[in-house]
Undergrad: 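I'd like to ask you about the structure that follows.
These figures come from a predicted structure and were not determined experimentally.
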Amino acid sequence: MALKFLTQHSPKQLRNGISSQMNDADFMRELCKLKVFGRILYVGAHPDDENNKLLTFFAQDQLVDAAYLSLTRGEGGQNFIGSEKGTDLGILRVQESLSARKTEGTTQFFTRAKDFGFVESATETMLRWDEQAVLADMVWTIRYFRPDIMITRFSPNIPDLHGHHQSSAILTQKAYDLAADPQAYPEQLEELSVWQTQRLFWNVYQESGVKDIGGKVIPLPQHFSVTIPVYNRYTGLHHGEIATESRNKHRSQAMASLTQHTPTLEYFELLKGKSVDPTAADALFTSTETEDQYIPVFKKLVDGLLAKQAQGDNRELSVTIATILIWMRTVSKNSVIHEKRADLELLLLRTLGVSFEINSLVDSWVPGTDVNLFLQANIPQDSDLVLTHVTVPFFETLYHQPHQLSGTERIEIIGRLSRSIEPSLPSWLKEEGDRGNYSPRSFNDIVLAQHNNSIVVQLQLQFGGVSMAISVPVLNNNKAITIAPAITGTFDTDIIVLTDSTSRSVSLELQSNVSTVESITVRLKGADELGLFPKEHTLTLKGNASEKIYFQLTSLRSVERMQRIGFEIESRYGVHQRSLKSLSYPHIEDVVYHPKAFLKVLDSPVANTAKKIAYIAGKKDELVGSLKQLVNEIELLSVAALKDTDLSTFDAIVLGIRIYNTDPQLVNFHTQLREYVEAGGVLITQYNTPYDLPLEEVGAYPLAVTGERITDMESTISFLDPTHRILNYPNKIEQQDFVNWVQDRALFLPKDWNSEFKSVLRTQNSDSGNEDGLLLVNRKGKGYYIYSSLSLFRQLPAAVSGAYRLFANMLSIGS
């Protein structure tokens, strides 16, 4: 059986866990690692900015504790494997990062900064990030992890094509100094101590701003190199293969990479700290080990362990480890060797052949209900290890029972789950933040890569005069237990648009997570400015059953507004406001979480004359739900279905985002699409990226696209032709319609269009140059071809009223 325990002494083990399955080479490496006290903290802006091969080399060849600090969770990125975006994408990318760290044997940290999409400068980035708060998170991380070396992926001195990148390096330089300053963030010193990292390096690549970082470097005199060999010296494993496996965990960002089968040169530049001799073979690691009088003694004791490991006598090895642990009691509490105590305890338990598992027959628990646990203890009779106490901290009444267990036994534990335990939710989402930053309750909640409640049982063990405390997670089918509300609710849509004093029905699907029949009352909250019928529902919900209820919302509009509407479900277990969400992909651990549920209701005058449209979705394209608020009839088509479809029945055809990137076979239907347009149809093409485009130009009427973006969502919009039909029918488009946009204005603008295209809108790019490619209209025959680079796919789900009016005009232009 797999060993599923975690020590209380080591933050690293608490986060990553450890398996009892370890071959001789791995065990020897873990023994050798006891003699290494170095720690390295690598810093970047996003998940996937890290240098996976370098981190693998640090952790598995140099045996240092290595960690990656990503300032953001990647919420503003694209998603090439699923439909998650925003907060949900951040949760997915956290899991991808944790999976990558597990592959490398490294640790993951974050800050409260949000990835709010592509920006072109550090200045623009810091307008959104709370610099002092983000620095506090970084300083806490440094004081907590206590690295000897810090390395930044990006240069603080070279502008980068992405403002988040350079910002991460600038903040790293500041945090490096602040962590050692007792006047900086003194509240942290109640639990941590100041820490002076010895050196800060930049992991140099050719030039800041290249698309694929880590390319060929032309070294300068101030640079020095470290060679990463092909094979690991302890296990013989291929560093490149491990790094490739780790890199490929970032699948949502399409970060697949190929294995390098040659030694790799990594270059570094010293930014701060003790000088180095760039000609020295170990310039990166020179004189970084902490001075401690106990280290030489400890290393000699570990050498004794290595000798006994070579003899193959596990019993003798166990006794020797216990002897070292007893000696460590006499060592000053300030000594760094105590950092190795947790690793020694885990090695001791491995040599004894001990394993513990705690399982539940169900995968989800509800606070206030009875739960059953099964402790499976596997203790060889000749090990002399004794389980002395079992503590369950999450019951309403603390379970703390003595035992004298020294063999294999299965123990059932029954108790009532405390009502104070919150439903499973990523820790950084427990409090709402602003558009650029989360608002954590604690540094633990924001910095550590926690994604769920910690449901663990504490065990006390004795062996040869050594007492150990381990924490064992409760699992179901090898997956963590989730905490669920007694009842959850899920709206059938994320947004409703009420136009011209209309009414719309919204459904709320209720799900019981308890086995008993419950009498409940359900109300909508936040709908004060709307007509609502009924005011509440009272019903009986069967155990573990689901039921759908309906509310009618009516516009009482006096002024345009967007409202967030939630719900309250009253039951004998309390008041519930949460929904159920989950992530399940083969390359990450499954995640189930319960955020508060909200429905966006846009009460706005939006007219639309298109009655029936077709939507040809790009990969994982979710704009259809928003367009359903505009059009009564939408037919989803695949590219292949175009061949057998009568397009003349549609008032408009909309092509999803990145359609030519994901399905270039669309070019085979251009003749059919042009015939549709020229006969009176409306064809709308949304943005495509130039990076993985198999074509030089895109569109039924071709255009070349660029990497140019308008990242300022508040950039000034000018109307090049205020009389143009698309700005006037059926909705009058005004400056107010470009207020309250989110994340950006436009992406991957076209260039060099011919005179058949009419440019409708103008804005300015970061260089203050005019950009006229936001919205292009081509009148062909009786119909219209529209190419839009506007980020409407973000604005419609965000309930931006002007985006709805403009899209309605695009759909209606042929009417």
Undergrad: Please step through ring-ring contact (aromatic ring centres under 6.0 Å, His included) for the pair Phe224 and Phe201, ending with a clear verdict.
TA: CA-CA 11 Å; Phe224 66 92; Phe201 296 100; 5.5 Å; yes

Undergrad: Residues two or more places apart in sequence or in another chain: which of them pass salt bridge (Lys or Arg N to Asp or Glu O under 4.0 Å) with Asp663?
TA: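 Applying salt bridge (Lys or Arg N to Asp or Glu O under 4.0 Å) to Asp663 gives none.
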
Undergrad: With rounding to the nearest 0.5 angstrom, report the OG to CD distance, Ser70 to Gln108.
TA: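 That separation rounds to 6.0 Å.
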
Undergrad: Does some side-chain heavy atom of Leu349 sit less than 4.5 Å from a side-chain heavy atom of Ile470?
TA: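 They are in contact (side-chain heavy atoms under 4.5 Å apart), so the answer is yes.
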
Undergrad: I'd like to check Asp65 versus Phe58 (side-chain heavy atoms, cut-off strictly below 4.5 Å). Are they in contact?
TA: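 No; the side chains remain at least 4.5 Å from each other.
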
Undergrad: Determine whether Tyr176 and Val43 make a side-chain contact, defined as any pair of heavy atoms from C-beta on separated by less than 4.5 Å.
TA: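 No, every pair of side-chain atoms sits at 4.5 Å or beyond.
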
Undergrad: Under 3.5 Å, is there a donor on one side chain and an acceptor on the other for Thr689 and Asn661?
TA: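 Present: a donor and an acceptor within the cut-off.
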
Undergrad: Per the side-chain hydrogen bond (donor to acceptor under 3.5 Å, both in side chains) rule, which among Glu50, His587, His46 passes with His250?
TA: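 Single side-chain hydrogen bond (donor to acceptor under 3.5 Å, both in side chains) partner of His250 among Glu50, His587, His46: Glu50.
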
Undergrad: Is there side-chain contact between Arg435 and Lys114, with heavy atoms separated by less than 4.5 Å?
TA: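 They are not in side-chain contact.
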
Undergrad: For residues 79-93, which residue pairs qualify under salt bridge (Lys or Arg N to Asp or Glu O under 4.0 Å), counting only residues two or more places apart or in two chains?
TA: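 Every salt bridge (Lys or Arg N to Asp or Glu O under 4.0 Å) pair that includes a residue of residues 79-93, provided the two are not neighbours, is Asp48-Arg93, Lys85-Glu622, Asp88-Lys581.
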
Undergrad: Quick one: is the NZ or CZ of Arg146 closer than 6.0 Å to the six-membered ring centre of Trp195, and within 45° of its axis?
TA: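 Flagged: Arg146 positioned over aromatic ring of Trp195.
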
Undergrad: Kindly write out the residues that satisfy salt bridge (Lys or Arg N to Asp or Glu O under 4.0 Å) with Glu104, not counting sequence neighbours, or none if the list is empty.
TA: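 Once residues adjacent in sequence are excluded, the partners of Glu104 under the salt bridge (Lys or Arg N to Asp or Glu O under 4.0 Å) criterion are Arg101.
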
Undergrad: Is any side-chain heavy atom of Asn79 closer than 4.5 Å to a side-chain heavy atom of Leu92?
TA: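 When only atoms from C-beta onward are counted, Leu92 and Asn79 do touch, with a gap below 4.5 Å.
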
Undergrad: Which atom pair, heavy atoms only, marks the closest approach of Pro47 to Gly74?
TA: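 Here Pro47 and Gly74 meet closest at CD-N, 3.6 Å.
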
Undergrad: Establish, yes or no, whether a centroid distance under 6.0 Å links the rings of His239 and Tyr231.
TA: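 Ring-ring flag for His239/Tyr231: false, centres at least 6.0 Å apart.
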
Undergrad: Measure from the ring center of Phe118 to the ring center of His162 and say whether it is less than 6.0 Å.
TA: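 Centroid distance Phe118-His162: below 6.0 Å, so yes.
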
Undergrad: Heavy-atom distance under 4.5 Å between the side chains of Val447 and Thr111, does that happen here?
TA: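 The answer is no, as the side chains (C-beta and beyond) never meet within the 4.5 Å cut-off.
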
Undergrad: Tyr68: which residues meet the ring-ring contact (aromatic ring centres under 6.0 Å, His included) condition with it, sequence neighbours left out?
TA: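 Tyr68 satisfies ring-ring contact (aromatic ring centres under 6.0 Å, His included) with no other residue.
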
Undergrad: Decide if the gap between the ring center of Phe793 and the ring center of Tyr687 is smaller than 6.0 angstrom.
TA: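 So the answer is yes for these two rings.
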
Undergrad: For His164 together with Phe154, are the ring centres under 6.0 Å from each other?
TA: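 Not close enough - the centres of the two rings lie 6.0 Å or further apart.
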
Undergrad: So how far is it from Asp49 CG to Leu69 CG, rounded to the nearest 0.5 Å?
TA: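 Here the interatomic distance stands at 11.0 Å.
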
Undergrad: Can you give me the closest heavy-atom contact between Val592 and Ser424, atom names plus distance?
TA: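 In terms of heavy atoms, the two residues are closest at O-CB, 3.8 Å.
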
Undergrad: Could you tell me whether a side-chain N or O of Arg658 sits under 3.5 Å from a main-chain N or O of Asn688, the two making a donor and an acceptor?
TA: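 Checking the backbone N and O of Asn688 against the side chain of Arg658, no donor-acceptor pair under 3.5 Å is found.
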
Undergrad: Under the rule for salt bridge (Lys or Arg N to Asp or Glu O under 4.0 Å), what residues qualify as partners of Arg441, not counting sequence neighbours?
TA: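 Scan of Arg441 (salt bridge (Lys or Arg N to Asp or Glu O under 4.0 Å), adjacent residues dropped) gives Glu422, Glu431.
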
Undergrad: The criterion is salt bridge (Lys or Arg N to Asp or Glu O under 4.0 Å); which residues satisfy it with Glu131, sequence neighbours excluded?
TA: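 So Glu131 forms a salt bridge (Lys or Arg N to Asp or Glu O under 4.0 Å) with Lys174.
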
